[in-house]
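Structure, as structure tokens:
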Amino acid sequence: MSLQELMDQDVTSVAREPEPYGQAPAAIDVITSDEIRRSGASSIPEALRLADNLDVAQKNSHDWAISARGFNTDLADKLLVMIDGRTVYTPLFGGVFWDEQDYLLEDIDRIEVISGPGGTLWGANAVNGVINIVTKSADEAQGLYVEGGGGSELQDFGAARYGGTLATNIYYRVYAKYFDRGEEYLPDGHAASDSWRMGQTGFRIDDEASAENHITAQGDFYLGDENVPTGGDAHTGGGNVLGRWSHTFSDDSDMSLQTYYDQTHLADPIPANVVEPAGVLTDNLDTYDLDFQHRFHLGQRNNITWGLGYRYTHEEDKAAPTLAFVPATLDQNLYSGFAQDEIKLADNLFFTAGTKIEHNDYTGFEFEPSGRLQWNVTPKQMLWGAVSRAVSTPTRVDEDERAPIPFPFSTIFGPNLLTGNPNFESETLIAYELGYRAQLGQKVSTSLSAYFNDYNDIRSAQDSPPPAPFGFPIVFENNLKGETWGFELSADYQIFDWWRLHGGYNFLQENIYVKSGQHDINNAYNETADPENQIFLRSSMNLPYHLELDLDGRWVDSFQYNTGVNGVAGTMPSYFEMDARLAWHVGKHWEFSIVGQNLLHDRHVEYISPSPTPEEEIARSVYGKVAFSF
């Protein structure tokens with residue numbers, strides 16, 4: 001794509017309707033399908049490294065920490081993630097199991113990454129950002145595609161997709177893929193015993209027989225096995241089926257109705273503690289979701305979008321000796337409605353106001369209003385500002401988690417080492433944002449966003465006062481508050497037709513602290529593990545003889561993390577790394593490529609968190625890939 005084509009590409013995550021990226025009044029980064037292919041990414045988390053407004057850290061072979069604008073912890077719960085409109089965060093802790101999210105990357109159209117609150121349109125958990133993964137329609141993925149390869153860490157992988165027609169203007173595609181990843185390393189150089197294997201298959205059908213109606217049906221099924229450094233194997237599995245009907249009334253009015261069913265299974269080995277043996281925690285979750293949206297113009301100046309939603313979840317947990325959720329079976333209902341009005345104040349000035357109202361079974365009604373002002377200074381320059389409220393609602397970890405103590409130790413310490421709090425409240429955010437986006441001539445485009453976030457009622461952990469013995473149980477409370485502020489800068493420079501540079505800089509300051517008169521055993525360190533500075537630089541070159549050369553460097557600043565010992569913080573060192581990809585296109589159908597990841601060090605640490613095992617080091621890796629399309 002040219003820079004002009006990139007600025008004109010439609011995005012849907014900002015307003016829940018298509019609008020050009022260059023005119024979307026939010027801190028949004030768009031990862032295109034071509035950028036994913038040229039990066040050499042082999043998974044969705046690796047592809048998300050291409051977003052300058054995210055903090056992406058690999059923990060081990062199969063686990064990742066991903067967040068925006070802070071709070072990138074083990075229980076990160078402030079980032080909403082969707083795949084084709086299907087929400088993939090778990091109500092177990094409000095975050096995402098990244099090892100369960102996969103797709104054939106060749107069939108991803110784009111990834112829209114919003115940093116900043118999106119609760120007015122998307123609801124709870126869209127606190128610090130929204131990731132919307134949009135796959136290609138079936139008619140855009142016709143014919144045969146096959147890929148395969150292997151290497152040092154990504155030891156072997158393969159995938160195939162075929163797309164065809166069922167009838168005139170009714171398209172389908174089916175795919176299957178698998179991979180086998182090797183082990184990462186412990187600081188002493190020994191293998192971490194965290195290898196990972198996974199397979200996935202799925203389909204999509206798009207009915208475009210009518211100009212006014214578009215019907216989509218799609219589904220996926222996956223199975224995975226993971227070695228866990230603490231011992232044992234974790235097993236994941238699940239599937240989903242989604243249906244969507246879109247109807248166009250006129251150029252200014254349309255509606256959509258979407259429903260999906262999602263089932264996930266997790267069997268996770270939980271290590272022993274000083275009083276209880278190891279065991280396996282199992283979590284089975286069924287999700288039923290219904291979403292309706294309608295857009296229409298009211299007069300010449302008002303563009304109104306409104307919608308209703310309902311989600312029902314059925315969750316069954318089987319406890320491990322050291323970890324349980326009470327009740328073991330839980331049904332939850334989530335009702336929601338939203339309305340937003342984009343008001344045209346002048347030909348180049350727009351004000352958007354709206355709110356989402358949700359009702360959940362933990363805290364009842366939640367309100368997430370926002371106001372957003374957009375000034376199109378010129379056709380290629382835009383200024384915007386916003387004030388928003390967002391909430392992170394309680395999860396099973398916050399209210400239902402238990403860490404049991406067996407008899408006879410329970411007679412001394414009490415029945416639980418840790419327990420959730422049935423009175424846990426939603427964490428709240430008031431966000432203030434300013435942004436600028438522009439195409440400066442034919443060769444340069446840039447985007448800048450600045451923010452100030454005011455948080456309240458953040459999760460804390462408090463020991464029980466006397467007469468509770470030895471301070472047990474530890475109880476989750478809302479004893480923290482704080483502020484974060486910073487800015488995100490990105491720019492593209494088309495040096496020549498065959499060479500493009502991309503740069504990004506992310507600056508973050510955090511001040512999270514314990515409320516006056518309250519207490520937190522972690523001294524507010526458990527909710528933050530975020531670098532102050534991140535720098536990104538990419539180079540993409542189309543060379544003679546049908547060669548492509550891509551280089552991707554990143555520098556990530558050091559950050560403080562919770563050591564888990566008496567509220568003392570440790571420091572994760574900064575690191576600089578680089579990935580590279582060299583590809584050769586042979587004719588129209590064949591592509592041969594070699595990819596090197598983390599090339600500057602034999603091994604390096606990207607993330608540290610309190611755990612019974614040492615931090616893992618991510619190794620340098622190289623793999624080769626062959627792709628055929630017809």
Side-chain angles (χ1 to χ4, degrees), residues 45 48-49 54-79 93-98 127-129 184-188 192 194 228-230 271 392 397-398 418 427 453 455 458-463 474 476 479-486 506-514 519-535 554-577 598 601 603-618:
L48 291 175
R49 288 196 189 275
L54 288 179
D55 175 18
V56 179
Q58 187 172 358
K59 297 180 179 180
N60 51 47
S61 180
H62 44 72
D63 293 324
W64 298 73
I66 301 175
S67 188
R69 298 183 177 178
F71 295 89
N72 199 15
T73 66
D74 282 341
L75 294 177
D77 59 357
K78 296 173 177 58
L79 187 66
F93 71 99
V96 176
F97 289 119
W98 288 105
V127 177
N128 282 7
E184 300 296 347
Y185 293 88
L186 300 175
D188 61 7
D194 62 348
V228 178
T230 54
S392 177
V397 164
D398 300 318
L418 179 146
E427 301 173 320
N453 289 341
Y455 297 91
I458 302 172
R459 180 196 295 118
S460 64
Q462 180 170 308
D463 46 2
I474 296 170
F476 289 127
N479 291 345
L480 304 182
K481 65 181 304 181
E483 304 84 32
T484 66
W485 62 94
N506 195 332
F507 174 75
L508 168 67
Q509 286 279 356
E510 294 176 306
N511 180 30
I512 309 300
Y513 53 91
V514 182
H519 177 60
D520 176 35
I521 63 172
N522 297 304
N523 287 334
Y525 290 124
N526 199 55
E527 295 303 304
T528 59
D530 312 296
E532 182 176 303
N533 301 278
Q534 294 187 88
I535 299 174
R554 64 187 184 277
W555 180 76
V556 180
D557 206 351
S558 60
F559 62 81
Q560 288 188 318
Y561 67 94
N562 179 28
T563 62
V565 180
N566 299 322
V568 176
T571 300
M572 214 292 293
S574 62
Y575 71 91
F576 179 55
E577 268 303 349
N598 305 311
H601 303 88
R603 301 188 301 269
H604 71 281
V605 178
E606 294 189 5
Y607 193 87
I608 305 177
S609 61
S611 70
T613 59
E615 66 272 11
E616 292 192 33
E617 298 182 342
I618 308 304

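In what follows, every heavy atom counts, from backbone to side chain, and hydrogens, waters and symmetry copies are set aside. All residue numbers in this chain count up from 1 along the given sequence.
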Least distance between heavy atoms, S61 atom then E184 atom: N-CG, 3.6 Å

With F97 via ring pair (Phe, Tyr, Trp, His ring centres under 6.0 Å) - residues at least two apart: F93

Straight-line distance of E427 CD to K481 NZ, nearest 0.5 Å: 13.5 Å

Distance (rounded to the nearest 0.5 Å) between N72 CG and L508 CG: 10.5 Å

Salt bridge (Lys or Arg N to Asp or Glu O under 4.0 Å) pairs, two or more places apart, involving residues 522-531: R459-E527

Ring pair (Phe, Tyr, Trp, His ring centres under 6.0 Å) partners of F507, counting only residues at least two apart: F487

Closest heavy-atom pair and its distance - N562, N526: ND2-OD1, 3.0 Å

Residues that Y455 engages under side-chain hydrogen bond (donor to acceptor under 3.5 Å, both in side chains), provided they are two or more places apart: N128, N453

Under 3.5 Å: donor-acceptor pair, side chain of T563, backbone of V568: yes

Main-chain N/O of A524 paired to N522 side chain as donor or acceptor, under 3.5 Å: no

Any residue meeting side-chain contact (heavy atoms from CB on, under 4.5 Å) with N523, in chain and number order, not counting sequence neighbours: Y525

Side chain to side chain contact (heavy atoms under 4.5 Å, CB included) between V96 and W64, intermediate numbers included: CA-CA 9 Å; V96 176; W64 298 73; over 6 Å; no

F559: partners by ring pair (Phe, Tyr, Trp, His ring centres under 6.0 Å), with sequence neighbours left out: none

Where at least one partner belongs to residues 54-64, residue pairs that pass salt bridge (Lys or Arg N to Asp or Glu O under 4.0 Å), sequence neighbours excluded: K59-D74

Within-4.5 Å side-chain heavy-atom neighbours: H62 and D194: yes

Side chain E510, main chain I512, donor-acceptor under 3.5 Å: no

Heavy-atom pair with the smallest gap, counting every atom of Y575 and V56: OH-O, 4.4 Å

Residues forming a salt bridge (charged side-chain N to carboxylate O under 4.0 Å, His left out) with R554, sequence neighbours excluded: D579, E606

Minimum heavy-atom distance T528-T73, with the two atoms named: N-CG2, 3.4 Å

Atom of P229, atom of E616 and distance for their closest heavy-atom approach: CG-OE2, 3.0 Å

Residue pair V127 / F71, side-chain heavy-atom distance below 4.5 Å: no

Listed partners of Y185 passing side-chain contact (heavy atoms from CB on, under 4.5 Å), at least two apart: E153, R603, A619

For Q462, all residues meeting side-chain contact (heavy atoms from CB on, under 4.5 Å), sequence neighbours excluded: E477, N479, Q518, H519

CD1 on I66 to CD on Q58, rounded to 0.5 Å: 10.0 Å

For N511, side-chain contact (heavy atoms from CB on, under 4.5 Å) partners two or more places apart: E483, W485, Y513

Residue pair A461 / D520: nearest heavy atoms and the distance that separates them: N-OD1, 2.9 Å

Residues which pass salt bridge (charged side-chain N to carboxylate O under 4.0 Å, His left out) with E577, listed by chain and number, not counting sequence neighbours: none

